[in-house]
Every structure is written in structure tokens, then in C-alpha cells.
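Note that ligands are numbered from 1 as they come in the structure, with each ligand's atoms numbered from 1 the same way. This is a predicted model, so every value here is computed, not measured.
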Amino acid sequence: MRYDTEFATAIPLRQPYSQPRESLLTLFSEQSLAAYHQGMQRCVDQVRRTLDRNRRPNSGVEPGELQPAFDAIDLDRPLENLESSLEEVQRLYLDHAVHFHDSRYVAHLNCPITLPSILAEAIATPLNTAVETWDQSAGATLIEQKLIDWTTARIGLGDAADGVFTSGGTQSNLMALMIARDHACAAMPGHAGNRHHGLPDNFRQLRILTSDVSHFSVQKAAALMGLGYDAVIPVPTDAEQRLDAEALETILAECDRDGRVPFALVATAGTTDFGSIDPLPRLAAICQSRGLWLHVDAAYGGGLLLSRRYRHWLAGIEQADSVGVDFHKTFFQPVSCSACLVRDRTHLRYVTYHADYLNPRDQADEGTPDLVNKSLQTTRRFDALKLWMTLRMQGADQLGRYLETVIDLTRETYRTLTARDDFEVLTAPALSTLVFRYTPAGVEADADIEAVNRDIRQALSRQGEAVIAATRVAGRLYLKFTLLNPLTQAEDLARLIERIAEYGAARATDFASGASASPALARQTP
Ligand SMILES: *Cc1c(COP(=O)(O)O)cnc(C)c1O
């Protein structure tokens, strides 16, 4: 198979030094520092050679092609040495790894990452610091806390704000909604609180409001919280894919009439598909007037906090009761690195449990900063060091400029697409996504247009030419660019658009000649 012959052998397993197997068969300690250092260097070299030689965004491999190599491996029979292990990792993983740093990777919200953040991983991983309690982490806890305080200050949440690092926007949404639910239920007469007694009798009336293009993790959180997907009311959006405040007011009035109990509104600052930002000031006013918890999911748009030019797009976020920010998206940090922030730190008590063996109450009373007291997780990676070293070396302004660059790039690419008559672009870009489809003259039926676009995407991926996303809007399949690479040039994307049109035009002739049942391009190509 192509990837076997071409790639596994393309990287000669040069052996500049052959590390004795035994030297690495041990644990990290002061005894093994030499082996650790040598082994690290060898792995860094491997990554370097992979990137030097493998200049494509992906390999195009399919699961069925890679699976046999895995079937042949017996995990109970270790390999000879580091070289054999690296050769295997190369074949199974590195040869096919998707390169988020490649300008032709434009699929999901994955970013190229800062160099200081990678160096931070090289420090935090060997020491294996876990940040749940002070006695396991010392300075690491204070590094995380200072970054939390910095983030809440950037948002403008006020002096009583606090928060904690999370695994991502999904966990932040769950955490914020749990806190909102427990806070609402704590005020219900005759109910002593969810933490001790579970949900109140009227739990089937509880409702979460969020726009119909918000992230699926809101539904998932509702299910995990015992409320079910049906507890989430999708609020219609306007033409710019922002939550429609009028529609929200109507739904709230209906809830009142029907005895439903809405307890939280999840506004999105940067929807995953469109980058659209809900009208935060207006929504904050509605929430305030009704005592409704406002959670702002800024997993994607959070990076605007660092942009001098576009920070004002987030106006109103400072009025939120809670905010989720994914540093591993628009702060250019490695996965995972994220935070959930709350306006009133006392609300974090809803996720606190004191265990005598870990974080006894008297320890908290004495003022010991045990981060586990405000986290859904217990053992937790020291993900804060990445952002810390990035800020201390590059500074926040540079991160803000990265995001500005991709926003500007998106606008330019939007102009390129709209200047052509063979593409339909759904909306003007808000942040850095473009949702569009190839609509050649002569292909009219929606099903045919869909087939053409699906095949374009498959063909590009199969050839290792580009990785682009797809989504569905109002039942129609669209292609999607998510641009998060500030090093990408407008010309790179113009070339990609040209390739999309070429594949699309070739596929469109299949329809014109009545051959719509012919095999997809993806499978025709060698
Ligand atoms: C990515 C994203 C999430 C989920 O974040 P993870 O870090 O993947 O868990 C939530 N909300 C929005 C708007 C997102 O774009």
C-alpha cells in the first residue's frame, strides 16, 4: 500500500546513537537523567524529521487500511529498543498524523501551537505535577490561580470572580450548568439542595435555553445532569446565526405560562460553525431581569479577549455568571488547556467535596489553596504552565494579533469565494469560519450538489491535499473552512479553492452525462 512503502521507508532510521535498551527500562529519577535526556533528544529528532519530509496536512489513510498493522501487534511482547519503538510509532501514527500547523488543514477548531507552550509540556510532564492539592503542586497551584485571576480580569468579572482549568469547553459547559442548576434548586422551597438530596420533585420542569446553533455539549450536559436533551430549548437564530432575543422573550413567556422553570441561558461567543457571537448585552439584561443564570460559552471566541482591535465584539461578557474559555483554540495552546470562570466564587461550593484523605475541610478553613475544591476532576494535569510560558515569553498581544490575522484572512477568503459564481457562501464571516458549497452551473438537484460536495471533501482528504470540514445547515450539506493558522497566506487558500473547483467540476460532469451512479472521485483516484 502506498503509505507503507512510501512513508515508512522514506524516513531512514538513521541511528546516530544506539541507546541500550536497558537504559530506558526504568522510571524517571535522578538515576535515569542521562537516558531521559538522550531519549528525549531522539524523540524530538523523530518529530523534526517527520515534519521535514512529510509536508502534507494528512496521509488520507482509511481505518481499514491501518487496522491490519494494529492487528499484527502483540502488546505482551515488547520491542527490542527505542529505535524499534519509534519505527513502529512512525508507521502507526506519525506517518498519518494530521498536521494542524499545515495551511491546508482547515477543518476544525485546532490551532498551531506556540513554541513556549511545547517547552512547558517538556517541563511539566517529567515532573508529573498534579494540581488538585497544594501538597501535590505548590507553585503550580499558584501559577494556575494567577492565570485564572488574569482571565477573569480580562473578562471583567469583578473581584469576587474565580475559576479553574478544565479539560475543555465541554467540561466547562457541564460545570457551569451544574452550578447554575444547583444554585437555582438551592433556592426552591422545601428542597435542601441537590448535592445532598438529588434533584427536586419538579426537576422535569427545569429548562436550559440556548441558540439552535450552540455546541452539542449543552445537550450532553443536560443528559448527564439527569435532565435529558429535552430540557434544552433551542432558541431560533437571526440571519447572522445569533440568538434571537425576541424569540427568547417569547419562549420565556411560554415557559411561564406552562409552568416550566428555566434556570440558565447559554449564550455563545463564537459558534462552532459560524463564529457568530450572540447579542450579549441584550441577553445579560434579560437574564438579570428574570434572575436567570447567564453562561457564556466563549470556547471559540475567548481569544478576542486579547485582541485590541476586536475585543469590543465581546462586550457584555463581563455580565455573565459564568464563562468558558478554551485556551487550546484561540490562545494557540496544546490540547488540553481550558478554563471555567464564575462571577461569584462562592458558587464554586456546588462542586466541592471534602475528603479526609485529600482535602479536609480544616485545610480549606486554614486557607490552603486546594484546587480540587473547585474542579469536577480530581487528578489533573498542570495545563496552566503552557499558557504561563506563552504569556511570559510572547505576551498576550502577540496571541491577540494571531487571532486578528486569521480573522482578516477569513475576510479576504470570503471575498475570493463570493467573487466566483460557482460557490455559494452561507453568511459573511464573524470570526474565522466560512460555510459554503460548490454549486456548478448545470447541477440543480440538492442531492446532486450534496454528492459533489461530499466527494470534493473526500477526494481532498484521500489525496492528502487538504482537510476541510462539512456541516449541515437547514438540511443541506455545506463545506466549512475553520481558519486558525496565522501563518497561512491568502494565496494558500486561493489555491485550495481552485482545487475544490477542479474536483467539483470533474465530479459535476458525471451528473451532466447522467452518470451519477459512477464511483466517487475519492475512490477513482490512484
Ligand atoms: C469547541 C467548542 C466546545 C467544546 O470544547 P472542547 O474543548 O472540545 O471540549 C464548546 N463550545 C463551543 C462553542 C466550541 O466551539
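Among the atoms of T271, none of the N or O lies under 3.5 angstrom from an N or O of ligand 1. Among the atoms of D297, some N or O lies under 3.5 angstrom from an N or O of ligand 1. Below 3.5 Å of separation, one finds an N or O of T272 facing an N or O of ligand 1.
Atoms of ligand 1 found under 4.0 Å from any heavy atom of K329 (numbered from 1 in listed order, with element): 1 (C), 2 (C), 3 (C), 4 (C), 5 (O), 14 (C), 15 (O). Ligand 1 places these atoms under 4.0 Å from at least one heavy atom of H215: 2 (C), 3 (C), 4 (C), 10 (C), 11 (N), 12 (C), 14 (C). Near A299, meaning under 4.0 Å from one of its heavy atoms, ligand 1 places the atoms 2 (C), 3 (C), 10 (C), 11 (N), 12 (C), 14 (C). Every atom of ligand 1 is numbered from 1 in the order shown, and the set under 4.0 Å from a heavy atom of D326 is 5 (O), 6 (P), 7 (O).
Heavy-atom contacts from other residues, nucleotides or ligands closer than 6.0 Å to CG of L224 number more than 12. Heavy-atom contacts from other residues, nucleotides or ligands closer than 6.0 Å to CG of D230 number 12 or fewer. Surrounding CZ of R472 are more than 12 heavy atoms belonging to other residues, nucleotides or ligands, all under 6.0 Å away.
G169 N, 3.3 Å is the protein heavy atom nearest to atom 6 (P) of ligand 1. Of all protein heavy atoms, the one lying nearest to atom 9 (O) of ligand 1 is T170 OG1, 2.6 Å.
In this structure, G270 counts as a contact residue of ligand 1, since one of its heavy atoms falls inside 4.0 Å of the ligand. Note on ligand 1: L109 sits in its first shell, one or more heavy atoms being nearer than 4.0 Å. No heavy atom of Q171 sits closer than 4.0 Å to any atom of ligand 1.
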Could you go through H328 and D326, starting from their C-alpha distance and side-chain angles, then the distance that decides it, and tell me whether this counts as side-chain hydrogen bond (donor to acceptor under 3.5 Å, both in side chains)?
CA-CA 5 Å; H328 60 221; D326 263 359; 3.2 Å; yes
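The side chain to side chain donor-acceptor pair (under 3.5 Å) search around T114 returns S117, T390, not counting sequence neighbours.
Between F327 and F165, the distance from one ring center to the other falls under 6.0 angstrom.
Under the 4.5 Å side-chain criterion, counting only non-hydrogen atoms from C-beta, L304 is not in contact with R311.
D297 pairs with exactly one of T268, N173, T271 by the side chain to side chain donor-acceptor pair (under 3.5 Å) rule, that one being N173.
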